[in-house]
Number of protein chains: 2
Amino acid sequence: MSRALARKLSNFLELTDQDKTYLDRITFARETVPADRDIVGFGEVPATMFVIERGMAIRYRVLRGGERQILSFMLPGDLCDLNVFLLKKMDHNVASLEELEMSRIRRDDVLKTYFKRPRIAAALWWSALQAEAISREHIVALGRRRARSRLAYLFFDIYWRLKAVGLAEDNVLNLPLTQAEIGDALGLTPVHINRVLKELVEEGLIDKQRGQVQLLNTEALQKVADIDDHYLHLDAPPREIASYFHDLERLTDVSN
Amino acid sequence: MSRALARKLSNFLELTDQDKTYLDRITFARETVPADRDIVGFGEVPATMFVIERGMAIRYRVLRGGERQILSFMLPGDLCDLNVFLLKKMDHNVASLEELEMSRIRRDDVLKTYFKRPRIAAALWWSALQAEAISREHIVALGRRRARSRLAYLFFDIYWRLKAVGLAEDNVLNLPLTQAEIGDALGLTPVHINRVLKELVEEGLIDKQRGQVQLLNTEALQKVADIDDHYLHLDAPPREIASYFHDLERLTDVSN
DNA sequence: CGTCATCTTGAACATGTTCAACAGTGGTGG
DNA sequence: CCACCACTGTTGAACATGTTCAAGATGACG
């Protein structure tokens, strides 16, 4: 059922057919969500975890004054949240940015995975780690980068992540965001986003049209962004860890 | 050996004497680190995880231009990182802010804990979750709050966390930070920190002297910070989760 | 074809930065 | 014990980046 999840996890380890079958079995209730709908609301106690299958979602917080801060973007294959299982209630919202498809994974099945399918659990853990690395980069961007730099960083973040799940052509990315939403992610006003975006286009660094951005000069743009492509930690885990989980799984009941 | 860790984890679940003995057994190599030393450097592959026993540390990144962004503060009982185990190399540094004591936990012992002591593993997982909630709040602060608000937020963050491990008297917190370091955490310049700090003192909201901050009017200050105290998720996990791990542990070999 | 959201642009403004100078403070060695 | 040094904190003035407010243009969609 969940092609996206398998695709994402296979960045971390090679999935056997058996693994893929297992993932198919625990993902269920695939559904289509219209654009701009809250998927999980502040204060709720989510009973299942879910996976984005198609489309883009955000996690965000709204402050008392009504300002919004987007905490992260969720792309196909991303999980939300390995975490919320232990929390009593959500401290933020999750919403669709466009029409998307998602499916669910039961809390029980996640817990069981931890003990019955250590390799897959390790891959899930890994994807949580990657999310944290992304979140660290977000903090750096908001704390210590100027507007142009934040924008460039955003493009690369999304581009590399889309690319990692095979959803971006070379130097082109779909970005179904209004300028206000970009501002909410980067801690800037829509007006300023508009201006800086215009600059980047005029300088020939990017081109844009209808929710699509083309990176015209990646080298220069990456200099503007001041990042390298290592922070995503998309490469496989250290060998010893991988083999630890592999060995462990051989000793474990994999029958269900 | 590790009083701090047990103290912290007991916020999440009741630790039996056996649990405490187990934690003692897996923490080792307690050592004292002088102030302003890198504990784990960028690019390194950490072989062990560690726990802060006494004192304060930071995780930080340095940009090409030399600007620094502090990613998080690490207080006694905090782990660094449940995460790095799966990463090939560190994408940030960890350093001591003052003289501190830390001890280590072997990678193997962490992995074994996951399968042999599910309850403790759940508590470790929980503490990783809490760290993420803190990091979400950091993003909100940097993205959508003004300087006064960020400062007030920082005081509460550290205060509540210190309080949770029994290390803060009422409305007083030790904050062994220079104004430059506060700036590096909040995405502001030292000069501006100085000015806003002065404002807060003149308004009678706080008092400060020698690395110590007193919260004089918590109600007003919390309004300035625009946060509530729920985000730390210090309360226990949902009952069903707790009992799941409890049951699981009864079926598991706890002998070593 | 009308309506709503989004985008675009200008001008005045605010918050925070930069640069620079000096004061306090703690630690070190003579 | 004092003198010196380095780091931290403090303050002012000019400046820059990004915000706010406001108005109009464009575009998507029924």
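Fair warning: this is a prediction, and the values are worked out from it, not measured in the lab. The figures that follow rest on heavy atoms only: side chains count, while hydrogens, waters and symmetry mates do not.
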4.5 Å side-chain heavy-atom contact, B:R144 and A:R61:
no

Would one find more than 12 heavy atoms of other residues, nucleotides or ligands at under 6.0 Å from atom CZ of B:R64?
yes

Give me the atom names and distance for the closest heavy-atom approach of A:E53 to A:P76.
O-CB, 3.7 Å

Please round to the nearest 0.5 Å and tell me the distance separating atom CG of A:L151 and atom CZ of A:R146.
14.0 Å

How many whole angstroms separate atom CD of B:E98 from atom P of D:dT8?
14 Å

Rounded to whole Å, how long is the line connecting atom CD of A:E181 with atom P of C:dT6?
7 Å

Looking at A:E137 and A:R145, is there a salt bridge between them, counting it only when a charged N and a carboxylate O are closer than 4.0 Å?
yes

On a heavy-atom basis, the closest approach of A:D78 and A:K8 is OD1-NZ, 2.6 Å

From CG (A:L100) to CZ (A:R37), nearest 0.5 Å:
11.0 Å

Check whether any side-chain nitrogen or oxygen of A:N194 sits under 4.0 Å from OP1 or OP2 of C:dC7, and answer yes or no.
no

With respect to the phosphate group of D:dG9, does any side-chain polar atom (N or O) of B:K198 fall under 4.0 Å of OP1 or OP2?
no

Rounding to an integer number of Å, can you tell me how far B:L197 CG sits from D:dT8 P?
15 Å

Find the distance between CG (A:N194) and CD (A:E199) and round it off to the nearest 0.5 Å.
11.0 Å

Atom-to-atom span, CD of B:E67 to C1' of C:dT18 - whole angstrom
14 Å

Taken to the nearest 0.5 Å, the spacing of A:I58 CD1 from A:H92 NE2 works out to 10.5 Å

Mind calculating the distance between CD (A:E202) and C1' (C:dT9) to the nearest angstrom?
12 Å

Can you check the B:E99 CD to C:dG26 P distance for me, whole Å?
18 Å

Find every protein N or O atom lying less than 3.5 Å from an N or O atom of nucleotides 13-17 of chain C, and list the pairs.
from: C:dT15; atom 1: O3'; to: B:R146; atom 2: NH1; distance (Å): 3.1
from: C:dG16; atom 1: OP1; to: B:A147; atom 2: N; distance (Å): 2.9
from: C:dG16; atom 1: OP2; to: B:H192; atom 2: NE2; distance (Å): 3.3
from: C:dG16; atom 1: O5'; to: B:H192; atom 2: NE2; distance (Å): 3.4
from: C:dT17; atom 1: OP1; to: B:T189; atom 2: N; distance (Å): 3.4
from: C:dT17; atom 1: OP2; to: B:T189; atom 2: N; distance (Å): 3.1
from: C:dT17; atom 1: OP2; to: B:T189; atom 2: OG1; distance (Å): 2.7

Report, as a single string ordered 5' to 3', how protein heavy atoms within less than 4.0 Å touch nucleotides 23-30 of chain D: B base, S sugar-phosphate only, - not at all.
-----S--

If the cut-off is 4.0 Å, is A:Q179 near the phosphate of C:dA5, judged by side-chain N/O to OP1 or OP2?
no

Five pairs at each end of the helix from C:dC1-D:dG30 to C:dG30-D:dC1: take the axis at both ends and give me the angle between them to 10°.
40°

Donor-acceptor pair, distance only, cut-off 3.5 Å: does the side chain of B:Y159 make one with the backbone of B:N171?
yes

Taking the six-membered ring of B:F73 (Phe, Tyr or Trp), confirm whether the NZ or CZ of B:R161 is under 6.0 Å from its centre and within 45° of its axis.
no

